[in-house]
Each structure stands twice: as C-alpha cells, then as structure tokens.
Number of protein chains: 2
Amino acid sequence: MSDLPSGEIGYLLARAGGRAIRNLNRALEPFGLRSRHYTVLAASAAHGGLSQRELGGVLGVDPSAVVALVDDLERAGLVRREPHPDDRRTRLVAVTEQGATTLAEARELAGQVDTELLDALTVAERQTLEKLLRRIAAS
Amino acid sequence: MSDLPSGEIGYLLARAGGRAIRNLNRALEPFGLRSRHYTVLAASAAHGGLSQRELGGVLGVDPSAVVALVDDLERAGLVRREPHPDDRRTRLVAVTEQGATTLAEARELAGQVDTELLDALTVAERQTLEKLLRRIAAS
DNA sequence: TATTGTTATACTCTATAACTATA
DNA sequence: TATAGTTATAGAGTATAACAATA
C-alpha cells in the first residue's frame, strides 16, 4: 500500500515534526530566536515564573539546555532570572515587557507556520489531529 | 485551555516525532542500527535498487548523509552498492539476504514501538492519525 | 554544463557527568 | 544526602560547499 516502513506512524510523526520546527526556525530568524527559545518564552509567560528545572520538565528539554536557552533570552532582554523567595538555589524565569511583546509577534508567526503546514487539512481535521496528538503526549 | 504555545500542533508533532525516533533507536540498538539506517534499509527493500540520490529524495535525507548510512549498512553486510547499468556515476543500493532477514526483524520491532507510542489511541484513531499525517506529508 | 557520489566541515540538538551552592 | 543551576563535553542529526568522475 505504501512504500514507508513499518513503524510508519512514528516515521510520519518525525518527518512532520521536523518540518514544523524547521519552518518555525526560519520564521523566527528575524527575531534571532529558534523554536526552542520560543517554547521557553511561551511556557514562561503561560505559567508565570517557573524555575528552570520546571521549564525543562514541562518542555521535555534537558536542564543543561535550559540554561543556555535562558541565557540567550536574558541577553536579548526577553526574560529575567529572579530569585525564588524561599529557595536560594532556584531561579524563576520571568518574562519582561519586551519579552511579552516579542512573544506576541512570534506567536503570530508560529500560528501562520502551523496553518501552512496543515494546509491540506480542514479546520475540523486539524482539531482532530491536535486532539489525537495531545492524547499521545499525555500517555 | 492549554499551556502550550501557539504553533501548538507543530510543537506536538515535533515532540511525538522525537519520542518515536528515540524509542525506535533504543529498540534497534541490538542490531547496531539507528532509525535512519532502518528507513534506508526499508526503502531500499521496498523499491528494489534505488540510487543513493533517490533514497535521499524519498526519505528527505541529505545525499551526504545517505553515503554514511549506506556505508554503515554495507559494512554490516545488509546492503550492497551495485553499478547502474547505464550510468557509471550512480550506484544502486540492493538489500542482501542478510539485510532482508534483519529488516524483517527490525520491522517487527518498529511496529511494536509504534503500538506502544500510540497506546492511548484506538485502532480507528491510529488509522485516522496516519491518514492525516500522510495528507500533511504529501502537501 | 549538470549530476552522482563523496569528503570535509560546521552548527544545532540531545544527553551525560561533574561541579557549586544551597537545601 | 539530595536538589537547582551550571559548565564541559561528546554524539547524533542536519546542512552546505567543494571536488572527482561521469553524463
């Protein structure tokens, strides 16, 4: 039926996912950011003051990688590292005003990139896809 | 509703795809192969004698990477590089008997890995997912 | 001139181990 | 003892440019 190997869905997921992040990376180039910066920025804004460890957990990114990503974002003035009130080891990542502005613009682009990627699907199908992917992610 | 950034479907695709290939890599470890070797082997078997350039095209892998993957597979005795009858530049990748045997075993594992990954979905939902992913891939 | 395979190279991503300061 | 952040490092994946042989 197909010329793809067994384990086909995994293969299709990997290819589509790869395309998605490449497209997003290209779209974010004007900001000097890559897709992982965007996810860190977005998660920080959504949760409001996560520790770096928590960020890594939420995003599935290794803590050592989070350090570098937050370094970049902080250097760009998009986030600040703030002390944790009770634990002097942990540092909370807070989005700056500039970070919020940039995030809004980047979010717009990310939405467009997704729309392009899913061009072949109807809106209902995109919702179905998202629902199925969330179920996989949760398992 | 969710704490994931816009561009969410792309993000979900990338995460699920990453999990899929990591799982497959782990499953293929006993063979000394990684997921990309598996896809090259499977595509070579399915099409029967593709050139390396064609393999790269079908799989979305850079030609220079195909060289290294075929090197590995050839060293392991799973494929042979054969001359193209009409064009002395191109080399056709043929699966050996041992390669076919290994492929069958690996395909079994790949199927199991997919099944595990999609554990949370019904069979009908998996088919829906596959159909949607193929539509994306084709676009 | 263009194309196939190849080599070299560089950059990103991922993962691990080890260190520090705190808990 | 254990945990958060950090640094260093190594391996895999991805991408580009350049070259030789051939078309």
Side-chain angles (χ1 to χ4, degrees), chain A residues 10-11 13-26 28-29 32-40 44 49-75 79-94, chain B residues 11 13-15 17-26 28-29 32-40 44 49-75 79-94:
Chain A
Y11 173 84
L13 282 168
R15 278 201 74 168
R19 255 176 78 188
I21 66 167
R22 273 191 302 277
N23 291 348
L24 184 55
N25 281 338
R26 208 177 313 122
L28 294 179
E29 234 169 51
L33 301 178
R34 301 184 64 77
S35 58
R36 294 157 82 228
H37 297 109
Y38 170 67
T39 59
V40 168
S44 300
L50 287 182
S51 73
Q52 298 185 188
R53 217 76 187 190
E54 289 168 329
L55 273 172
V58 169
L59 298 174
V61 174
D62 194 87
S64 64
V66 174
V67 172
L69 293 168
V70 173
D71 279 351
D72 294 340
L73 290 171
E74 196 168 40
R75 208 175 303 118
V79 303
R80 260 191 316 269
R81 281 188 243 238
E82 298 183 342
H84 188 288
D86 302 331
D87 186 338
R88 289 198 295 173
R89 291 174 304 179
T90 98
R91 321 182 64 177
L92 303 178
V93 178
Chain B
Y11 173 84
L13 282 169
R15 278 201 76 167
R19 254 175 79 189
I21 67 168
R22 273 191 302 276
N23 292 347
L24 184 54
N25 282 338
R26 208 177 313 123
L28 294 179
E29 234 169 49
L33 302 177
R34 301 184 64 77
S35 60
R36 295 158 81 226
H37 297 110
Y38 171 67
T39 58
V40 167
S44 299
L50 286 182
S51 74
Q52 298 187 184
R53 216 78 188 188
E54 288 168 328
L55 273 172
V58 168
L59 298 174
V61 174
D62 194 88
S64 64
V66 174
V67 172
L69 292 168
V70 173
D71 279 351
D72 294 338
L73 290 170
E74 196 168 38
R75 208 174 303 118
V79 303
R80 260 192 315 271
R81 282 190 243 238
E82 298 182 343
H84 188 288
D86 302 331
D87 185 340
R88 288 198 296 173
R89 290 174 307 178
T90 101
R91 320 182 65 177
L92 303 178
V93 177

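Throughout, protein chains are lettered first and strands after them, A, B, ... in sequence-line order, and every chain is numbered starting at 1. Atom set for the values below is all heavy atoms of this structure, side chains included, hydrogens, waters and symmetry mates excluded. The shown structure was predicted, so the numbers you read here are calculated from the model rather than taken from an experiment.
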Q: Measuring from A:Leu73:CG to A:Ser44:OG, what's the distance to the nearest 0.5 Å?
A: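 Atom-to-atom, A:Leu73:CG and A:Ser44:OG are 7.5 Å apart.
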Q: CG of B:Leu50 versus P of C:dT4: gap in Å, rounded?
A: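 Interatomic distance, CG of B:Leu50 to P of C:dT4: 13 Å.
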Q: Counting only side-chain N and O atoms of A:Arg36, is one of them less than 4.0 Å from OP1 or OP2 of C:dT14?
A: yes
Q: Heavy atoms only: give me the nearest A:Asn25-A:Arg34 pair and the separation to one decimal.
A: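 Between these two residues, the closest heavy atoms are ND2-NH2, 3.1 Å.
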Q: NE2 of B:His84 versus P of C:dG5: gap in Å, rounded?
A: 9 Å
Q: Both A:Asp87 and A:Val61 contact DNA chain C. Taking the nearest nucleotide for each, which residue is further toward the 5' end?
A: A:Val61
Q: Please work out if B:Ser64 contacts a base, only the sugar-phosphate, or nothing of the nucleic acid, heavy-atom cut-off 4.0 Å.
A: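 Counting heavy atoms under 4.0 Å across all strands, the contact made by B:Ser64 includes a base.
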Q: How long is the line joining CZ of B:Arg19 and P of C:dA15, in whole Å?
A: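 Taking atom P of C:dA15 as the reference, CZ of B:Arg19 is at 13 Å.
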Q: Rounded to the Å, how far apart are A:Arg91 CZ and C:dA21 P?
A: 13 Å
Q: If I compare all heavy atoms of A:Gly49 with all of A:Leu92, which pair ends up nearest, and what's the gap?
A: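 What the structure gives for the nearest pair is O-CD2, 3.5 Å.
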Q: Can you tell me the distance, in whole Å, between the CZ atom of A:Arg26 and the C1' atom of C:dT12?
A: 15 Å
Q: By nearest nucleotide on DNA chain D, pick out whichever of A:Arg22 and A:Arg53 is the more 5' one.
A: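 Looking at DNA chain D, the more 5' nearest nucleotide goes with A:Arg53.
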Q: For chain B and DNA chain D, what are the first and last nucleotides along the strand, 5' to 3', with at least one atom under 4.0 angstrom from a heavy atom of the protein chain?
A: D:dA12 to D:dA23
Q: Can you tell me how far P of C:dT14 sits from CD1 of B:Ile21, to the nearest Å?
A: 9 Å
Q: Starting from the 5' end of DNA chain D, give me the residue, A:Thr90 or A:Asp71, whose nearest nucleotide shows up first.
A: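 The answer here is A:Thr90.
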Q: At less than 4.0 Å, is any side-chain N or O atom of B:Arg81 found next to OP1 or OP2 of C:dG5? Yes or no.
A: no
Q: Let's see if you can work this out: which of C:dT12, C:dA15, C:dT22 has an atom nearest to the side-chain heavy atoms of A:Asp62?
A: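 The nucleotide sitting nearest to the side chain is C:dA15.
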Q: Which atom names give the shortest non-hydrogen contact between A:Leu55 and A:Leu50, and what distance separates them?
A: CD2-CD1, 3.8 Å
Q: Can you name the closest pair of heavy atoms from A:Val66 and A:Gly56 and give their distance?
A: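 That closest heavy-atom pairing would be CG2-CA, 3.7 Å.
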Q: Please give, in whole Å, the distance from C:dT4 C1' to B:Asp86 CG?
A: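 Between C1' of C:dT4 and CG of B:Asp86: 15 Å.
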Q: Work out which heavy atom in A:Arg80 is nearest to a heavy atom in A:Glu82; give both atom names and the distance.
A: NE-OE2, 3.4 Å
Q: Within this structure, what is the CZ-to-C1' distance between B:Arg15 and C:dC13, rounded to whole angstrom?
A: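 So the CZ-C1' distance, B:Arg15 to C:dC13, works out to 14 Å.
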Q: Shortest non-hydrogen contact from A:Ile21 to B:Ala14?
A: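 Result for this residue pair: CG2-CB, 3.6 Å.
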